[in-house]
Amino acid sequence: MKPSLLTFILLTLTLNLSAQVLSNKDGKYTEADSLRGSLRPERAFDVQKYHLKLKVEPEKQFISGSNTISFIAEENLSSIQIDLFENMNVDSILQNNKALDFKRKHNAVFIELDDLVETDKQGEIQFYYSGKPIVAKNAPWDGGFVWDKDKNGNPWIGVAVQGTGASLWYPNKDHQSDEPEEVQLDIAVPNGLMNVSNGQFLGEKDLGNGFTEWSWKTVNPINNYNVMINIANYDHFSDSYGDLDLDYYVLPYNLEKAKKQFKEVKPMMDCFYEKFGEYPFVEDGFKLIETPYLGMEHQSAVAYGNEYKMGYKGNDLSGTGIGLKWDFIIIHESGHEWYGNSITARDIADMWIHEGFTSYSEAVYIECRWGKKEAQEYLKGTRSGLGNTSKIIGDYGVNSEGSGDMYFKGANLLNTIRSIYDNDELWWKTLKDYTETYKHQIIDTRTTENFFNEATEVDLQPIFDQYLRHAALPNLQFRKENGKTQVKWVTDVEDFKMPVDIFIDGKEIRINPTNQWQNLKQNVAIDKIKVNELEFYIQTSFKK
């Protein structure tokens with residue numbers, strides 16, 4: 001394959017990966033963006049539980065039912081904001097069996113409470129709604145319902161709403177800073193179909209009206225966009241990994257393929273347990289569920305649609321061949337259980353915490369199975385799809401995610417930080433300590449930066465600033481001046497310092513450039529210098 005064609009394919013695949021996230025709007029935000037992205041006084045409550053009770057009618061592409069929302073007030077509340085897309089109907093909202101007044105603005109519903117909920121007291125409302133939720137044109141790249149049919153003509157339904165918002169299909173406090181402590185889903189579907197959702201299975205009940213209700217419950221905090229329904233004529237098989245339940249729900253004619261393909265889960269768990277710590281939702285179990293779209297990291301109910309192929313639907317995102325040794329969707333989406341589902345970014349502007357670390361988990365898995373060099377070759381290969389034209393971190397408070405580079409640029413940043421550590425024992429300890437310290441927590445970029453910075457004597461802050469808050473890579477320049485070999489960094493960040501390893505005549509040397517020209521101890525022709533590109537993701541230029 002010609003390099004130019006390979007680059008085009010990698011760029012296309014990478015753009016698809018990041019299409020589910022919102023693009024930066026260059027500071028042009030609407031009132032709807034602020035209502036969704038800001039923590040207004042009407043959102044001064046901590047969600048405790050969602051209890052969804054829904055009927056799904058595939059032929060009508062219609063859902064109806066309620067969400068009982070339990071919360072604790074963070075200050076005295078006489079009104080609250082709950083989010084639900086404006087195309088959905090609000091049938092009624094109750095508090096203590098009394099109908100409440102409400103008004104709608106964009107995708108927000110402002111509710112006047114009948115009884116004031118005082119600070120630190122618990123409140124509860126029942127929110128009844130119905131409608132035809134937005135249909136995804138190409139899930140998971142855009143948010144919405146997928147109303148499909150399997151090869152036997154049975155309904156096959158899924159939902160993917162990351163970036164777009166869970167309020168596309170159910171009423172909730174649609175802000176990433178708040179997660180319910182538990183969720184129960186009672187989902188009624190036509191007889192002969194099954195619904196699979198997050199957490200543990202509570203049971204099924206024939207409602208006597210042509211529908212069967214399938215009930216599931218999580219007992220761990222969960223992101224709004226991870227709350228999920230999956231409806232099909234599923235076959236189920238199970239396994240275990242220590243005390244962790246492994247459950248698989250697939251279309252009947254793919255059962256044997258699934259039994260073979262999903263064997264990769266156990267070596268993945270071996271690796272991730274070692275490097276990241278115990279699976280963070282043992283009580284809720286781990287599931288892979290076949291879906292009519294490529295995949296998504298739905299907590300304890302991972303969506304799988306990779307067609308039982310190795311790589312990314314049979315493609316290698318790195319262009320090295322290494323990506324074809326494993327199933328991309330199993331590894332990437334499961335990696336999110338640790339990064340994104342367990343450790344969650346408070347504002348979606350910091351979504352690199354989800355995507356950068358999870359993309360790095362791909363390399364971690366490769367290293368566990370095939371060694372460090374192949375892992376770093378894979379990461380180097382993924383750079384082909386990176387643009388470095390906009391910053392990774394988005395704008396705060398307005399529901400804005402940063403550049404799609406957050407995936408593999410974030411992963412290559414972590415590999416660069418590891419190389420700066422220059423101590424693999426320390427690196428793995430720090431990564432695992434970070435993952436376990438912030439288990440089930442909602443954090444921000446500064447918290448992440450500080451944790452990794454405190455583990456090393458090198459000041460990582462300017463490095464994080466350049467990679468995360470600016471588009472361009474640090475540019476390492478070499479030149480010959482007055483017979484001397486000189487080097488410096490060219491960066492957006494002032495007083496930038498970062499150690500980097502170079503090879504001179506095959507010998508690896510660590511240098512410590514700054515933004516000022518300085519002489520190398522080794523006075524050699526600059527064409528004799530080669531940067532260690534496997535360990536450092538930088539730009540390099542040579543001035544002869």
Q: Looking just at side-chain N and O atoms, do E454 and N450 make a donor-acceptor pair shorter than 3.5 Å?
A: no
Q: What I want to find out is whether K325 reaches E374 closely enough, with some N-O distance under 4.0 Å, to be called a salt bridge.
A: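 Judged by the 4.0 Å cut-off on N to carboxylate O distance, K325 and E374 do form a salt bridge.
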Q: For K497, I'd like to know if atom NZ has over 12 heavy atoms of other residues, nucleotides or ligands within 6.0 Å.
A: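 Count not over threshold, so no.
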Q: In this structure, which one of V250, I330, D247, I329 forms a side-chain contact (heavy atoms from CB on, under 4.5 Å) with L288?
A: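 Going through the options one by one, the only one that passes is I330.
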Q: Backbone N or O of R469 within a donor-acceptor pair of the D465 side chain at under 3.5 Å?
A: no
Q: I'd like to know if the side chain of N107 reaches the main chain of L168, judged simply by a donor and an acceptor atom lying under 3.5 Å from each other, with no hydrogens or angles considered.
A: no
Q: How about N230 and Y249: do any of their side-chain heavy atoms sit closer than 4.5 Å?
A: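 Side chain of N230 against side chain of Y249, heavy atoms only: no contact under 4.5 Å found.
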Q: Taking all heavy atoms of P292 and all of D148, pick out the closest pair and write down the distance.
A: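 Here P292 and D148 meet closest at CB-OD2, 3.7 Å.
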Q: How would you list, by chain and number, every residue that makes a side chain to side chain contact (heavy atoms under 4.5 Å, CB included) with T448, sequence neighbours excluded?
A: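 T448: side chain to side chain contact (heavy atoms under 4.5 Å, CB included) contacts with W352, I353, F357, Y434, I443, F452.
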Q: Are any side-chain N or O atoms of Q200 and backbone N or O atoms of E283, one a donor and one an acceptor, separated by less than 3.5 Å?
A: yes
Q: Would you check if D395 and Y29 make a side-chain contact, meaning some heavy-atom pair closer than 4.5 Å?
A: yes
Q: Please confirm whether Y304 and Y248 have ring centers closer than 6.0 angstrom.
A: no
Q: Using a distance-only test with no angle check, is there a side-chain donor-acceptor pair under 3.5 angstrom linking Y339 and S361?
A: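 No, no side-chain donor-acceptor contact under 3.5 Å.
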Q: Does any non-hydrogen side-chain atom of F85 lie less than 4.5 Å from one of T164?
A: yes
Q: In terms of side-chain geometry, is the basic nitrogen of D178 or R43 positioned less than 4.0 Å from the acidic oxygen of its partner?
A: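 So D178 does not pair with R43 through a salt bridge.
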Q: V47 vs N172, test: side-chain contact (heavy atoms from CB on, under 4.5 Å). Steps then yes/no.
A: CA-CA 9 Å; V47 176; N172 65 88; over 6 Å; no
Q: Centre of F71's six-membered ring, under 6.0 Å away, within 45 degrees of the axis: is that where NZ or CZ of K173 sits?
A: no
Q: Quick one: do the E449 and N453 side chains pair a donor with an acceptor below 3.5 Å?
A: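 No pair is found: no donor N or O on one side chain lies under 3.5 Å from an acceptor on the other.
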Q: What is the minimum heavy-atom distance between F281 and E337, and which atoms define it?
A: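 Smallest interatomic distance, heavy atoms only, reads CE1-O, 3.3 Å.
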Q: Quick one about D83 and S167 (side-chain donor to acceptor, distance below 3.5 Å, no hydrogens or angles considered), yes or no?
A: no
Q: Backbone N or O of G285 within a donor-acceptor pair of the Y279 side chain at under 3.5 Å?
A: yes
Q: Taking the ring of Y273 and the ring of Y241, is the distance between their centroids below 6.0 Å?
A: yes
Q: Between S197 and M228 (side chain of the first, backbone of the second, donor and acceptor by atom type, cut-off under 3.5 Å), is there such a pair?
A: yes
Q: Which distance, rounded to the nearest 0.5 Å, do you find between the OH of Y293 and the CH2 of W141?
A: 11.5 Å
Q: Roughly how far, to the nearest 0.5 Å, is the CD1 atom of I322 from the CD atom of E362?
A: 12.5 Å
Q: Looking at every non-hydrogen atom in both residues, tell me the closest pair between M351 and Q162 and how far apart they are.
A: CE-NE2, 2.9 Å
Q: Does E367 pair with K275 as a salt bridge, N-O distance under 4.0 Å?
A: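 Answer for the salt bridge query: no.
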Q: Are a donor atom and an acceptor atom from the side chains of Y308 and E290 found within less than 3.5 Å of each other?
A: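 Result is yes, a qualifying pair exists.
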Q: Heavy atoms, side chains only, cut-off 4.5 Å: are F201 and H236 in contact?
A: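 Contact flag for F201/H236 side chains = no.
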Q: Determine whether the side chains of E355 and H336 contain a donor N or O and an acceptor N or O closer than 3.5 Å.
A: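 Side-chain D/A pair, E355 to H336: present.
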Q: With no hydrogens and no angle check, do the side chains of D347 and Q176 hold a donor and an acceptor under 3.5 Å apart?
A: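 No pair is found: no donor N or O on one side chain lies under 3.5 Å from an acceptor on the other.
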Q: Checking side-chain contact (heavy atoms from CB on, under 4.5 Å) for the pair V227/Y170: CA distance, chi angles, key distance, verdict?
A: CA-CA 10 Å; V227 177; Y170 73 95; 3.5 Å; yes
Q: For Y438 and T447, what are the C-alpha separation, side-chain angles and deciding distance, and is it a side-chain hydrogen bond (donor to acceptor under 3.5 Å, both in side chains)?
A: CA-CA 10 Å; Y438 297 110; T447 301; 5.5 Å; no
Q: If we ignore angles and hydrogens, is there a donor and acceptor under 3.5 Å between the side chains of D284 and Q299?
A: no
Q: Looking only at heavy atoms, which two atoms of N341 and E297 are closest? And how far apart?
A: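 Looks like ND2-O, 2.8 Å.
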Q: Strictly distance-based, threshold 3.5 Å: is any side-chain N or O of H175 a donor or acceptor partner for the main-chain N or O of S177?
A: yes
Q: List the atom of G277, the atom of E436, and the distance in Å for their closest heavy-atom pair.
A: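 For G277 and E436, the tightest heavy-atom pair comes out as CA-OE2, 3.5 Å.
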Q: Parallel under 30°, tilted from 30 to 60°, perpendicular over 60°: which one fits the rings of Y225 and H354?
A: tilted
Q: For a quick check under 3.5 Å, do T218 and N198 share a side-chain donor-acceptor pair by atom type?
A: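 Per modelled atom types, T218 and N198 side chains form no pair under 3.5 Å.
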Q: Could you walk me through whether Y378 and W370 pass the ring pair (Phe, Tyr, Trp, His ring centres under 6.0 Å) test, one step at a time?
A: CA-CA 11 Å; Y378 174 80; W370 298 286; over 10 Å; no
Q: With rounding to the nearest 0.5 angstrom, report the OH to CG distance, Y234 to L251.
A: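 Y234 OH to L251 CG: 6.5 Å, rounded to 0.5 Å.
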Q: Would the number of heavy atoms belonging to other residues, nucleotides or ligands and lying under 6.0 Å from NZ of K372 be above 12?
A: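 Buried by this count: over 12 neighbours within 6.0 Å.
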Q: Check whether any side-chain heavy atom of Q184 sits under 4.5 Å from a side-chain heavy atom of T68, and report yes or no.
A: no
Q: Any chance the side chains of Y396 and D444 put a donor and an acceptor closer than 3.5 Å?
A: no
Q: Measure the CG-OG1 distance between D350 and T445 for me, rounded to the nearest 0.5 Å.
A: 3.0 Å
Q: Looking at NE2 of H51 and CD1 of I69, how far apart are the two atoms once the value is rounded to the nearest 0.5 Å?
A: 12.5 Å
Q: Give, for atom CD of E307 and atom CD of Q261, the distance between the pair rounded to the nearest 0.5 Å.
A: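 E307 CD to Q261 CD: 11.0 Å, rounded to 0.5 Å.
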Q: Is a side-chain donor or acceptor of K287 paired with a backbone partner of S300 at a separation under 3.5 angstrom?
A: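 Judged by distance alone, yes, a pair lies under 3.5 Å.
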Q: Side chains of Y129 and L54: does their closest heavy-atom pair fall under 4.5 Å?
A: yes
Q: Given 3.5 Å as the limit, does a donor-acceptor pair link the side chain of Y467 with the main chain of I392, or not?
A: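 It does not hold such a pair.
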Q: Using modelled atom types only, decide if a donor and an acceptor are shared between the side chain of N306 and the backbone of G311 within a distance under 3.5 Å.
A: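 Indeed, once roles are kept as given, a pair shorter than 3.5 Å links the two residues.
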Q: What's the shortest heavy-atom distance between A411 and L379, and which atoms?
A: CB-CD2, 3.8 Å
Q: Ignoring hydrogens and geometry beyond distance, is a side-chain donor-acceptor pair present between D433 and T430 at under 3.5 Å?
A: no
Q: Classify the angle between the aromatic ring planes of F496 and W489 as parallel (below 30°), tilted (30 to 60°) or perpendicular (above 60°).
A: perpendicular
Q: After noting the C-alpha distance and the side-chain angles of L431 and F276, does the key distance pass the side-chain contact (heavy atoms from CB on, under 4.5 Å) rule?
A: CA-CA 7 Å; L431 180 62; F276 308 148; 3.8 Å; yes
Q: Does the side chain of L473 reach to within under 4.5 Å of the side chain of I538, using non-hydrogen atoms?
A: no
Q: Let me see the working for N388 and Y537 under side-chain contact (heavy atoms from CB on, under 4.5 Å), right down to the final yes or no.
A: CA-CA 12 Å; N388 294 308; Y537 180 39; 2.9 Å; yes
Q: Any salt bridge linking K429 with E425? Criterion: basic side-chain nitrogen under 4.0 Å from a carboxylate oxygen.
A: no
Q: Without swapping roles, check the side chain of D33 against the backbone of T30 for a donor-acceptor pair under 3.5 Å.
A: yes
